[in-house]
Each structure stands twice: as structure tokens, then as C-alpha cells.
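Heavy atoms only: backbone and side chains are in, while hydrogens, waters and symmetry mates are out. Within every chain, numbering begins at 1; the chains are lettered A, B, ... in the order of the sequence lines, protein sequences first and strands thereafter.
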Protein chains: 2
Amino acid sequence: MAARRPQPAASSEAARPVSMADLARELGVSMTTISRALSDHHSIGPATKQAVLKLAKKLNYQPNHLAAALRKGRSQLLGVMVPYIEGRFFASVVHGIETAASRAGYSVIICQSNEDVAQERRNIETLLRAQVAGILVSVSRTTTDFQHFDKVRKHKVPLVFFDRVPAGDGVNAVLLDDRAGAYQATCHLLAQGCRRVAHLGGPLHLNIYKNRRQGYLDALQEYGLELEENLILHSSLTVDSGRESMAQLLALPTPPDAVFSAGDSAALGALQVLKSQGVRVPEDVALAGFSNEALTSVAEPNITSVDQRCEEMGQAAFRLFTELVEADGGALTPRQVVLQPQLFVRASSLHSGVEELHNAQPLA
Amino acid sequence: MAARRPQPAASSEAARPVSMADLARELGVSMTTISRALSDHHSIGPATKQAVLKLAKKLNYQPNHLAAALRKGRSQLLGVMVPYIEGRFFASVVHGIETAASRAGYSVIICQSNEDVAQERRNIETLLRAQVAGILVSVSRTTTDFQHFDKVRKHKVPLVFFDRVPAGDGVNAVLLDDRAGAYQATCHLLAQGCRRVAHLGGPLHLNIYKNRRQGYLDALQEYGLELEENLILHSSLTVDSGRESMAQLLALPTPPDAVFSAGDSAALGALQVLKSQGVRVPEDVALAGFSNEALTSVAEPNITSVDQRCEEMGQAAFRLFTELVEADGGALTPRQVVLQPQLFVRASSLHSGVEELHNAQPLA
DNA sequence: TTGTAAGCGTTATCAC
DNA sequence: GTGATAACGCTTACAA
């Protein structure tokens, strides 16, 4: 005799999970019959099918997905990689993905790159070894070289990027129209009568911040306003950098009458400084942020912000994945899905005399 | 000929992933040798080993975890189920688990029960079918019957509960000492000189809220104070219910001089009502919450709160799992790990004349 | 409608 | 130190 069970189970209890072979033996039929009965195949007698199902339930049979996946050459596992899972944005996107995936019979393997390319590379390897049916990824901040993703394509594993995507249009991706969101927010501030709108921007090597800045610029142009360089300040967009930037803006000979921040935390910092200096919000300075974080509804006044449609992004990413699966061999040209953000207008930007809005108004 | 490749690949490109057999054929050695070389087995010549490794790299060989798992009878997949992944608490716990797991070579499959027992049952089935090496779970709010978990034990799959655990001590679990956290927070309020401390509690059928209430009661007793029933209000602990409860408390003949809320959202609601009625916080009413959510540092004044050690909980849960794996057949008696919460004192509860604290003080 | 048997890619046992 | 080969549990082409 050659190979034996991995765990010979020195103890008395064998406790081996029941397999199709067990069911077949018990019922005196072939494994084929069992397989067909369980997978609802058409050529199977209703009587036999019932018998199999009944026995399966009785013996508490659990199909082994690993074995099926090995045989079929594809698993029901979906790899999802995000920079980190904490924080509203990625958690919500993952929620969206998981919900859609589980409905479609997929299980989600979650990985974090921790904003580290090396970790990102390792995760890709791990996912490929796990034989995932597809990979959905939002790239790390430190990723500039995308070779490790070529490997995914080489293995013919469907690959979808979301939110943070490599430059170029040779990839399948779901992203937010950051430019449009920023444009909407800035236009809203201008529509309130503000004419000196400042901008707190993020690092320009990231697409999202470049686009948000562009949306801001486009809005100014739409209103025929001159661009004032010293009203634009770039930073890491933390609460603290928002404070610093705001202090700087207030020190200008002619301070702004509105601020559009490319992030909510910086908007919060700005708000704190404004209040501490006795500047009224929104009367003296109107304020809008980006991301629609929970804090926007906690700060006083509530902060107007651009919602990123996190959950829809997750759903869209999964849908794109399923399309790739269905297209399979058919060389599908890479597709980019662009989601439209939604402006939530709150008290921090309303000049209309309304003191506070508890329920924010989404603006089409 | 019988069975053939699942995807005969009508197109010209076969693109089959390279297997051990391919390496063996190429090098003219047996598969055994390949396997040994790759898994760093002791009986293998250094020369052959190098040759194998080199060829593997050259042909871009990727081990198939599915096949290995099937053969070995155990995978490197870890099932994690939470009620939902959004929100600071569970996201952080999952972060902790994933970080520890990936370091140890495990991949994490994430599931959400959406607070629904039926979904929870389905998820358990899915995880078992995926042949996970273990399951880490925080049970849904609607779970009262725990039979589906018996199935996990029957399959000899290590099972660890965290935070929300079934009653009884027959399970492996990691939990927070909610009583101690509540006790600390209440004692802190009492130490500030407050003598009429109210309590906003959650649904008592949940252990965590029962324990937080108990901690509150213990603190009162410690200070020799009488329990006043009408200072205790139970609700769902949302922002709105916090508002309602606070309004009710302020309407009392003798309103409280402090409030300990079993949740941060309700504490925020209470704060809003206090401020709108011109009651000074903390001078007239001191305030403390539970969970140390991000909002506690956004609200003005910042809200004192009990931190739940989310990440440590994730790490502890994974560590408990590994212990179970190592103990294996050795019938290990179920173990409960209890984590100590940490009080973050902020401006909402400080009578010492300090107006605001930007950096919260953790209290041992 | 049912059965036979090959094969997915790996690991482990035995023999050399 | 190396090789031959069975086995893990499942799906499926083909035969009956």
C-alpha cells in the first residue's frame, strides 16, 4: 500500500468528513449519480435525486469546494486588495463588493497592502496561488511600477482596479469622477454668491487630487473668475494641515469668502480655525469638503461634502469582474466605469439663512 | 480517452499554468524531487535544489494552494465573520486579524452576517465548504440559537468568538471587559465631583450592554451612592435616541450633573441637546461615552470615551486560533481571553479648568 | 438515465 | 538522495 490519510488519527475517532464516495457506497450507486443529483443536472431520475439529497442531509454531507475548484480549474474565491481596510471609504467599498459577491456565490479573500508596494506584490502572489477567480484592487500610494499586475494577466485572471488605478486606459477600472465632484462643490459655493473661493488640495502626483483641482479650476472659469494662485494651498490634507492652511489664508490681505477642500479632515481643521478666530461659517466664509466622511455630520456647522459612492463602486467593480468572466476568452477591450459623485449640501455652505440642516440635501 | 481539460481552449494559446509535472519533465527528474526542492525538504541535493528553484523562477511557476490543501486536508484559509464590516470597531478588528494572519501565511476570507442569523448560517456553510483552517466570528445581534456552530466543531474546525459571544464558557472567545470599562468611566466622572451620574444604556439582551450597566452600578456603589432608577434610560443608542434621552433627563426635577453613555453616538446626541439648551459641558454636566469612535475627537468639546482595543482583539483572536491549531487533537479546554479597555479622558468630562485637550490622555 | 474512469496538482509512503 | 505511485474529492467525456 502506498499513500495513506494525512492524519491517521491515532485516537479512536476517525471523524473523516463524508464525501461523495461515501454517499455512493451507502446508496449503492455511482459517484456520477451523486454528483449529478447534487448539482441539479438534467439527466437524473427524480427518485434517485431525492434519495441522494436525503442521504446527504442525513449524513451531513458538505461539498468540498477545493476539490471542485481543482478539478474545474477555477475557484469561487475572489481576491480583493485595498491599501487598508479601516476608514469609511475602503470599508464601504469592500462591503459593496462582499455583498454582491456573496450573492453571486463567491467568497471574498481580503488583503491589505498597507500602502506598501512590496506587500502589494506579495499579496498578488498569494492570491494567484490561492487560485482566485479574479482580483479587484485599489493600488498602494507607493506603487509606480505595475509589473506585478502583468503576472495576473498572464495567468488569465480577470483584473479590475477601483478608485486608485494605474495611469492609462489599458486596464479595467471603476473610478469616481473626481473632477465633476469638485466642479459641483465649487459651483455650489459660487452660486451662494462667493467670489473668492480658496482651494485646499492634496499631493498632485495622485490622480484624484489633480482631478479635484481641475474641477475647482473649471468652476472658476465657468464663472469667469481669475485664478488667484495664493488661494490654492497644497498639503497632506490632515486636520492639522487644514488648520495651517486656513490660518495662512486668513492672514492674506484679502482673505477668501469660501474654501473648497479636497478632503474632509482638512475642511474640519479649517473650520476649527475659522471658529476660533471668530469668523462666521457660512456667513463670512462658506466651506465644502470631499469624501462625505462621518465627521461632516458631527462638526458644527455640518460640513457640505462630495460623496464618493463607495458602495456603488464596490458593486460596479464586482459587476465588471463578472463581465470579464463571461467574456472569458473573447478578448474584451478594457473598460472604465466612471461613477458620478453626489454633493451633500449642509449648513457650512448655505447662505440662504437656514441655520442648520439635519438632513443633508443631495444635489443632482 | 476519458476526461479532458475543462477549457480545451479553442483559441491557439493554451496558456496552462506551469505545474510541478512540467518542471519535472523539463529537468528530467521526478515530481518527488521537485516537491522536495520547493518545500525545502532535508533529503535533497543542494545542486538539484538550485536547479529546480532556478527553473521554477524561469518558468514563473506558481504553486497551487488548492491542490496542496486538498491533499493535506487543510488549507491556509481563515474564515472571519462579522455582522458588518463598516464602522470603526469591526473594520479595526478585521485589520488586526488580517495583519496577524497574513504574517503567519494565512489568507482571510471575510463574511458579513448583516445582523441576520440566516445569513450567518449560510456563511458558516460556505466557510466549511471552502475548507477553511479555522473560523473567527462575532455573532449577529439576532442570534439566539447557536446550533450552526456545533457543525463547525463537528468538522473539527477551530472556532473562536470575539466581542459578541454566545453565553456560557464552553467556547473559545476573546472579549472586552465591558464592565471594567464602564466602571472606569463612571468612576472618572465621580472623581470629578459629580454625584448624580445618569446612564444611557443599550438593549439588555446583549451582554455588552448588560456589563456596561453593571460597571456603572458598581462604580456608584463604590462611591456609596444610592441608585436612582430614573437616571437610567435604555434605548438603541443612536444619535437621535441620545437626544431624546437627554431631553428627558433635563426635564427631571433634579437633572443629573453627569452622563455615562454606553455608546458614543448617543453621547453625541446628548451633547447636542445640552448645548442647544445652554447647559455647559463639562461644567454643568460632564459627559463620557463608550467605543472611542472618531466622532469623539470631532465633537466640541471632545468626548471622553472608553477604547475597545479593536486591533488587539483581532490579534488575540488570531493567536487563540493558532493555539487551537497547535493543540490539535489534544482536547484543549475552551479559553476566554479578556482584554482591558482604556479610558480616554477628553474635555467633555474635565472639571479641572482645562478648556480643551487636543491630545487625549489614556488612563491606566 | 446511469456507470466507468481519467484527471486536476499536490503530498506522502514505500522501495531503491 | 531519488523515483514510482497512490491518494485527496470532485467533475465530466464517453460508453452502456
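One N or O donor and one acceptor, one from the side chain of B:R71 and one from the base of C:dT11, sit under 3.5 Å apart. Under 3.5 Å, the side chain of B:R36 and the base of D:dG3 form at least one donor-acceptor pair of N or O atoms.
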Working note: B:T143 + B:R164, criterion side-chain contact (heavy atoms from CB on, under 4.5 Å); need CA distance, chi angles, decisive distance, verdict.
CA-CA 10 Å; B:T143 304; B:R164 304 212 205 146; over 6 Å; no
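If you check every strand for non-hydrogen atoms under 4.0 Å, B:S43 touches a base. Residue A:S39 is out of contact with every strand shown, counting any heavy-atom pair closer than 4.0 Å. Residue-level contact check: B:L70 touches the bases, meaning some heavy atom is under 4.0 Å from a base atom.
Between B:T32 and C:dT11, a side-chain N or O to OP1/OP2 separation shorter than 4.0 Å is absent. Residue B:S30 places no side-chain N or O under 4.0 Å from the OP1 or OP2 atom of D:dT2. Residue A:S19 has no polar side-chain atom (N or O) positioned under 4.0 Å from OP1 or OP2 of D:dG9.
Overall bending of the helix from C:dT1-D:dA16 to C:dC16-D:dG1, expressed as the angle between end axes built from five pairs apiece, is 40° (10° steps).
Out of C:dG3, C:dA12, D:dG3, the shortest distance to the side chain of B:V29 is found at D:dG3. Side-chain proximity of A:S35 to the nucleotides C:dT11, D:dT11, D:dG9 is greatest for D:dT11.
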